[in-house]
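To start, the structure under review is shown below, and the notes come after it.
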There are 2 protein chains.
Amino acid sequence: MDFTPLFHNFAKHITLTKTEEKYITSLLDFKIIKAKEFLVQQGEISKQSAFVLNGCLRGYTIDSEGTEHVLSFAPKDWWIADMYSLLSQKPGNLNIEAMVDTEVALISKTNQDLMYEKVPKLERFFRIIIEKSLVAYQQRLNDNLSLTATERYMKFCKTYPQLINNIPQKQIAAYIGVTPEFLSKLRAKQVKAK
Amino acid sequence: MDFTPLFHNFAKHITLTKTEEKYITSLLDFKIIKAKEFLVQQGEISKQSAFVLNGCLRGYTIDSEGTEHVLSFAPKDWWIADMYSLLSQKPGNLNIEAMVDTEVALISKTNQDLMYEKVPKLERFFRIIIEKSLVAYQQRLNDNLSLTATERYMKFCKTYPQLINNIPQKQIAAYIGVTPEFLSKLRAKQVKAK
DNA sequence: ATCATTTCTTAATCTAGGTTAAGTATTTTC
DNA sequence: GAAAATACTTAACCTAGATTAAGAAATGAT
């Protein structure tokens with residue numbers, strides 16, 4: 001139940017007093033999510049955001065054919081939530097699942113709104129991290145519109161070198177938007193090319 | 001040079017005093033961008049965000065093959081910027097072009113930072129609109145991963161009914177991620193189906 | 001009004017990536 | 001540590017959407 005990684009994360013963009021840190025801590029929950037268990041499942045109304053203290057989560061949807069699409073991986077020090085459901089308070093279509101046993105700090109929507117009132121600096125913090133997240137999604141959308149599968153895979157390898165050998169390939173396929181079979185074919189070709 | 005649509009936009013999420021409105025007005029620029037002229041071009045370092053008072057802008061990239069990809073349309077009352085370049089202060093790869101003669105309110109990055117200091121409520125305002133924008137991009141990425149071209153076209157028609165008959169089809173194609181020829185084929189099929 | 005430019009359509013042909021299926025690792029579980 | 005489940009590979013075949021090309025329609029400029 002050690003929230004220091006979270007406060008390090010805050011410190012990247014804002015400075016909090018000890019009192020503020022204590023206050024924020026009082027509004028947090030701590031949770032261990034076992035591998036393959038869910039933080040959020042589609043159809044639910046999301047009540048909280050998560051910060052990964054260690055381990056790794058992934059957020060994915062399942063389409064009408066039953067195919068999974070990974071919208072985000074959240075390794076240590078990343079934030080993840082079903083923003084759509086959290087903001088609209090309608091049932092979401094995101095599943096957030098632990099890839100390994102994962103420790104998270106949770107902030108309920110209610111407490112987050114409280115925090116914004118009591119510690120307005122946090123508005124800035126979340127504005128900044130959401131801005132960065134927005135840029136990343138714009139970039140990724142653009143990649144999906146303009147790059148080939150091979151190029152997207154190479155980019156993934158560059159962007160997430162720590163994940164590449166630690167997660168199942170089929171989940172990388174579900175992130176870059178190809179079938180596992182096709183990714184396998186791509187990789188075989190790349191190996192041969194060397 | 002009438003900024004009232006902008007203050008209506010602010011009023012959706014925060015309440016400003018007359019004094020604050022005057023202060024903010026002093027930090028804004030007004031500009032008319034003629035049809036086919038640019039607010040921002042790839043390679044430039046973005047210095048400002050734009051709010052569309054009337055008219056319509058579009059943000060697009062050009063890939064290595066010379067193909068355009070539309071990342072966003074910004075009709076009246078929308079915000080648009082090359083967030084990547086604005087935040088990183090590196091050369092961007094977005095082009096923001098007027099589709100018709102367009103009036104915009106501009107906020108320079110410097111003035112926006114000033115505004116945040118003087119009127120902290122604006123942190124909340126921008127946090128909220130960026131959150132919404134993030135949800136929209138996540139949704140769109142998911143659509144690109146999970147829907148067919150036909151489904152994406154139908155969704156576009158639902159989402160932007162006001163644009164559908166007012167912008168060139170090739171730009172809708174560049175938004176949903178197909179060639180103009182293929183979109184034309186899709187539409188011919190839909191008409192026949194009726 | 002006329003010519004030039006841009007947009008849209010149609011159709012033939014092509015290809016990146018999907019599907020199906022079967023076999024081979026690799027993990028997980030008890 | 002064996003059986004079961006999951007992940008990965010390979011290969012033949014298939015299809016949604018791309019490419020190329022040429023003509024028709026609409027829009028804009030003079």
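Convention: sequence-line order gives letters A, B, ...; per-chain numbering from 1.
At a threshold of 4.0 Å, the pair A/E131-A/R127 counts as salt-bridged, since one of the basic side-chain nitrogens sits closer than that to a carboxylate oxygen. Salt bridge B/E68/B/R58: present, at least one basic N to carboxylate O contact under 4.0 Å.
Within the 4.0 Å cut-off from OP1 or OP2 of D/dT9, at least one side-chain nitrogen or oxygen of A/Q169 is found.
At whole-Å resolution of the value, CD in A/E65 and P in D/dT15 are 14 Å apart. Here the P atom of nucleotide D/dG17 and the CZ atom of B/R187 are 17 Å apart, to the nearest Å. For B/I167 and D/dA26, the CD1 to P distance is 18 Å, given to the nearest whole Å. The distance between atom CD of B/E181 and atom C1' of D/dA25, rounded to the nearest whole Å, is 16 Å. In this structure, B/N166 atom CG and D/dA26 atom P are separated by 16 Å, rounded to whole Å. In this structure, B/K189 places its NZ atom 11 Å from C1' of D/dT15, rounding to the nearest Å. Rounded to whole Å, atom P of D/dG17 lies 10 Å from atom CG of B/L147. Rounded to whole Å, the distance from CG on B/N165 to P on D/dT27 is 11 Å.
Taking only side-chain atoms of B/F182, from C-beta outward, the nucleotide of D/dG17, D/dT20, D/dA7 with the closest atom is D/dG17. Across D/dG17, D/dA18, D/dT9, the shortest atom-to-atom separation from the side chain of B/T179 is found for D/dA18.
The footprint of chain B on DNA chain C, defined by a heavy-atom cutoff below 4.0 Å, extends from C/dT7 to C/dT10.
Taking the centre and axis of the six-membered ring of A/Y137, the NZ or CZ atom of B/R140 falls outside the cone set by 45° and 6.0 Å.
Mapped onto DNA chain C by nearest heavy atom, B/K36 and A/L183 fall at different nucleotides, with B/K36 at the one closer to the 5' end.
Minimum heavy-atom separation, B/A149 to B/V178: CB-CG1, 3.5 Å. For the residue pair B/L6 and B/A105, the shortest heavy atom distance occurs at CD2-CB, 4.1 Å.
More than 12 heavy atoms of other residues, nucleotides or ligands shown are found within 6.0 angstrom of NZ on A/K121.
Between B/F10 and B/F7, the ring centre distance stays below 6.0 Å.
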